[in-house]
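Presented below is the structure to which this report refers.
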Amino acid sequence: MSDYDISAANSVFTITVPGLYNAPITLENYAADRAFETEARELIETQMSIDGYLNAGWVPNPVTQSISLAASSDSAAIFEVIVAAQDAKRGLYRLGAEIQLPSIGRKYTMVRGLLRSIVSVPSPGRVLEARTFEIIWERVIPAAI
């Protein structure tokens with residue numbers, strides 16, 4: 001039971017990149033809002049028949065996740081290294097990750113991810129803005145901590 005604690009400040013997000021970062025690396029210094037989030041995942045495909053029946057089937061779909069790091073975050077360099085390594089080999093590196101949310105007693109294991117996009121340079125305003133990194137995961141597996 002979480003005792004109604006929904007703090008995100010004690011979350012832990014670790015990633016691995018086999019062949020590049022084999023040991024888990026903990027991400028740090030997130031943006032203040034929306035540190036990491038996933039988009040809604042469509043679970044079914046539907047078709048309406050001409051005579052009014054709703055037909056449906058399960059379909060697999062990936063999970064898209066955005067990670068926002070403060071402009072001063074050293075963790076941004078991890079993603080820059082992945083991009084440079086992929087560019088150099090003209091190939092892909094698969095990622096793995098785990099997010100622990102102690103306040104609600106849950107963890108989420110991300111499987112076979114790909115770094116899909118990055119904001120290459122922090123946008124300057126009054127101060128440098130957060131950078132966003134997007135990963136697409138084959139699946140996300142929830143469990144209790």
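Only this structure's heavy atoms are used, side chains among them; waters, hydrogens and symmetry mates stay out.
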Output all residues satisfying side-chain hydrogen bond (donor to acceptor under 3.5 Å, both in side chains) with Asn61, sequence neighbours left out; order by chain, then residue number.
-> none

Heavy atoms only: give me the nearest Asn22-Pro18 pair and the separation to one decimal.
-> OD1-CA, 3.2 Å

Heavy atoms only: give me the nearest Glu129-Ala71 pair and the separation to one decimal.
-> O-CB, 3.4 Å

If every non-hydrogen atom of Leu69 is compared with every non-hydrogen atom of Ser73, which pair is closest and at what distance?
-> CB-CB, 3.9 Å

Within 6.0 angstrom of Asn55 CG, more than 12 heavy atoms from elsewhere | yes

Might you point out which heavy atoms bring Tyr21 and Ala77 nearest each other, and give the distance in Å?
-> OH-O, 4.5 Å

Should we count CZ of Arg34 as having more than 12 external heavy atoms under 6.0 Å?
-> no

Before giving the answer on side chain to side chain donor-acceptor pair (under 3.5 Å), spell out for Ser7 and Asp5 the whole-Å C-alpha distance, their side-chain angles and the decisive distance to 0.1 Å.
-> CA-CA 6 Å; Ser7 175; Asp5 178 1; 4.6 Å; no

Do the side chains of Ile99 and Ile78 join up, straight or via other hydrophobic residues, at under 4.5 Å, putting them in one cluster?
-> yes

Does some side-chain heavy atom of Phe13 sit less than 4.5 Å from a side-chain heavy atom of Ile67?
-> yes

Might you point out which heavy atoms bring Glu28 and Ser75 nearest each other, and give the distance in Å?
-> N-OG, 2.8 Å

Return yes when atom CG of Asn29 has more than 12 non-hydrogen atoms of other residues, nucleotides or ligands closer than 6.0 Å, and no otherwise.
-> yes

Heavy atoms only: give me the nearest Trp58-Leu43 pair and the separation to one decimal.
-> CD1-O, 3.6 Å

Would a distance-only check, ignoring hydrogens and angles, find a side-chain to backbone donor-acceptor pair under 3.5 Å from Arg139 to Val111?
-> no

Return yes if some donor-acceptor pair links the side-chain N/O of Glu134 with the main-chain N/O of Thr64 below 3.5 Å, else return no.
-> no

Check for a donor-acceptor pair, side chain of Arg41 on one end and backbone N or O of Pro62 on the other, with a separation under 3.5 Å.
-> no

